[in-house]
Amino acid sequence: MLDIKMLREEQQTLILALKNRGAAFDLTPIIAADAERRELLSAIETKRAARNGASEKVGRLMREVGRTKQAGGSAAALEAEVVALKEQSGALGADIAQLEDRLRPIHEEINHMWLMVPNIPHESTPIGADETDNPTVRTWGEPTEFDFEPKAHWDIGTDLKIFDLERAAKIARARFALYMGAGARLERALINFMLDTHTGDHGYMEVFPPVLVNEASMTGTGQLPKFAEDLFKCADDDLWLIPTAEVPVTNIHREEIIPGDRLPIKYAAYTPCFRREAGAHGRETRGLIRQHQFNKVELVKFVDPAGSYDELETLTNDAETILQKLELPYRVISLCTGDLGFSAAKTYDLEVWMPSYGSYKEISSCSNFEDFQARRANIRYRPTGGKPQFVHTLNGSGLAIGRTFAAILENCQQADGSVVIPEVLRDFMRADKIG
RNA sequence: GGAGAAGUGGCCGAGUCGGUUGAAGGCGCUCGCCUGCUAAGCGAGUAAGGGGGUUAAGCCCUCUUCGAGGGUUCGAAUCCCUCCUUCUCCGCCA
């Protein structure tokens, strides 16, 4: 959520930002509603002030009446005044109630519309229409070469019997995975390796949050109200399954004021993630790339606004480190305005080389949300001796486990069908190859 | 799941036969004074958010908020209802 003041004070910036995003958004109704809201608010406040004054006076007179009677005097005049005042402030109360009835729907309407307005892209976010306009920032390693016909990861996995998608579909439904044997172990090794690296080398605190969250949390990070159809919901309990650890971890500090000297706060969390992938049918249906449930290690930062773009660079580097240590070729792209996520001001995607696709495939998304999430979730910090201000929040995958798993199978496969385990995982795996 | 108790400002903690209590007192913190260091002492200040006015920074007016929402009333931290959370006891359970 943006500062509603932008609507009045920086309207041109807002209009340009929406245009760059390719978001057809008519601000006129919000602007009109906002003007009406402030007008009503002002009228209500004036009447409230009058009523408060009258009520306060009633209080004073009542005490005076008490004193007068106690002293044996007649308080008839005072009592008459009290009656008149009560009548007067009663009438004011009725006016206020009427105005409030008019204000309520307007307020809700503004709120509803405003929550649908996406973040303003940062000036360094390239302007473009869609993913074909995303520039490559840097490339690491070269696409893997094979002197045999490489297999896709779903065939490698099936042949090695390390995961079973058919039985997973029997247990749950399509697009769930059942990992077995060395596959289950590789999944766990990746989780441990990533968490150990981020907590040990990069200074993140490990957290393990709930994976079911309430509506306030989903709204705080921007999944609701706009993206409800992408989420699994436990309707009976009014809880939602998290699509990413970003949701519970960012909400750790919802409605809080963080002491300034505690920033930056850096969390690393492993969680399963759940996505309905509505509207994605037919795309990447084979293998582990697009699942309803997948594991992910997520990095989340709460930082001082002044340094948030430096923090985005280090966050991205922290995620890249994982790929480098696994010796998986990848590139970093900068999402252009037309491809940028709803809440983000700037995003780098890490894309790993996938031989079966013959291209790079997203494996991490690192974003700076500036104060967009912080304002929604009311996460602030107190600068030393200053007023509370919104923090900037950032997060990025560090990394998606299932896609890393797939990338290892495809990039590290051998002519004999086995898969060589990357050096850094061997202690975790207690093996140097599968098959 | 059953029974009982409680939810007040950064923290602790007063405050119910409703009326200058946005909230005593203490701690903490900030500024100043004092003490040749330290500790102690003295004085002042110290919640957040919204709207409006004004300014060079400042400041001024006003509304809202005492777990959340609703109700009663001229007026509610104080009364009523619903919900949430925490604690104690019982039950159940990995």
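Sequence lines set the chain letters: A, B, ... in the order given, protein chains first and strands last, and positions in each chain run from 1.
- In this structure, A:Ser89 and A:Ile44 both approach RNA chain B, and ranking their closest nucleotides by distance from the 5' end singles out A:Ile44.
- The gap from the P atom of B:U64 to that of B:G71 amounts to 15 Å, rounded to the nearest Å.
- Under 3.5 Å, the side chains of A:Asn295 and A:Glu187 contain a donor-acceptor pair of N or O atoms.
- An OP1 or OP2 oxygen of B:C63 is reached within less than 4.0 angstrom by a side-chain nitrogen or oxygen of A:Asn52.
- Taking the six-membered ring for Trp and the full ring otherwise, the centers of A:His292 and A:Phe232 sit less than 6.0 Å from each other.
- Spacing of P atoms, B:C89 relative to B:C29, comes out at 36 Å, to the nearest Å.
- Rounded to an integer number of Å, the gap from CG of A:Asp238 to P of B:C84 is 11 Å.
- Ring-centre distance between A:Phe302 and A:Tyr381: not below the 6.0 Å cut-off.
- RNA chain B is contacted by both A:Val58 and A:Lys86; A:Val58 maps to the nucleotide lying nearer its 5′ end (nearest heavy atom per residue).
- Panel note: side chain A:Lys266, backbone A:His202; a donor-acceptor pair is recorded below 3.5 Å.
- Among the protein residues, A:Ala54 comes within range of no part of the nucleic acid, since none of its heavy atoms lies under 4.0 Å from any strand.
- Spacing of P atoms, B:G28 relative to B:C11, comes out at 16 Å, to the nearest Å.
- Judged by distance alone, with hydrogens and angles left aside, the side-chain atoms of A:His198 form a donor-acceptor pair with the main-chain N or O of A:Gly398 at under 3.5 Å.
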Would you write the dot-bracket representation of RNA chain B, where each base gets (, ), [, ], | or . depending on whether it forms a Watson-Crick or G-U pair under 3.5 Å and with which partner? ((((((((.[[[..)...(.....]]]((((((.......))))))(((((((.....))))))).[[[[[..)....]]]]])))))))....
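- Separating the C1' atom of B:G69 from that of B:G26 is a span of 33 Å, rounded to the nearest Å.
- If you measure from atom CD1 of A:Ile257 to atom P of B:G9, you get 12 Å, rounded to the nearest angstrom.
- Side-chain atoms of A:Asn368 do not come within 3.5 Å of backbone N or O of A:His392 as any donor-acceptor pair.
- Atoms CD (A:Glu56) and C1' (B:U21) sit 12 Å apart, rounded to a whole Å.
- Contact between the side-chain N/O atoms of A:Arg60 and the OP1/OP2 oxygens of B:G19 is not found at any separation under 4.0 Å.
- In this structure B:G58 sits in the syn conformation; its chi angle is within 90° of 0.
- Under a 3.5 Å cut-off, the side chain of A:Arg48 and the backbone N or O of A:Ile96 do not form any donor-acceptor pair.
- Residue-level contact check: A:Arg380 touches the backbone only, with heavy atoms under 4.0 Å from sugar-phosphate atoms and none from bases.
- Taking atom P in both B:A47 and B:A24, the straight-line distance is 10 Å, to the nearest Å.
- The CG-C1' distance, from A:Asp371 to B:G49, rounds to 16 Å in whole Å.
- Atom C1' of B:G58 sits at a distance of 27 Å from the matching atom of B:U65, rounded to the whole Å.
- For the C1' atom pair drawn from B:U20 and B:C27, the interatomic distance equals 28 Å after rounding to whole Å.
- B:U82 and B:G91: their C1' atoms are spaced 27 Å apart (whole Å).
- Between the side chains of A:Tyr348 and A:Glu313, at least one donor N or O lies within less than 3.5 Å of an accepting N or O.
- In this structure, NZ of A:Lys47 is placed 15 Å from C1' of B:C74, rounded to the nearest angstrom.
- Rounded to an integer number of Å, the gap from A:Glu215 CD to B:A68 P is 19 Å.
- The CZ-C1' distance, from A:Arg38 to B:G53, rounds to 14 Å in whole Å.
- The distance between atom CD of A:Glu79 and atom P of B:C74, rounded to the nearest whole Å, is 17 Å.
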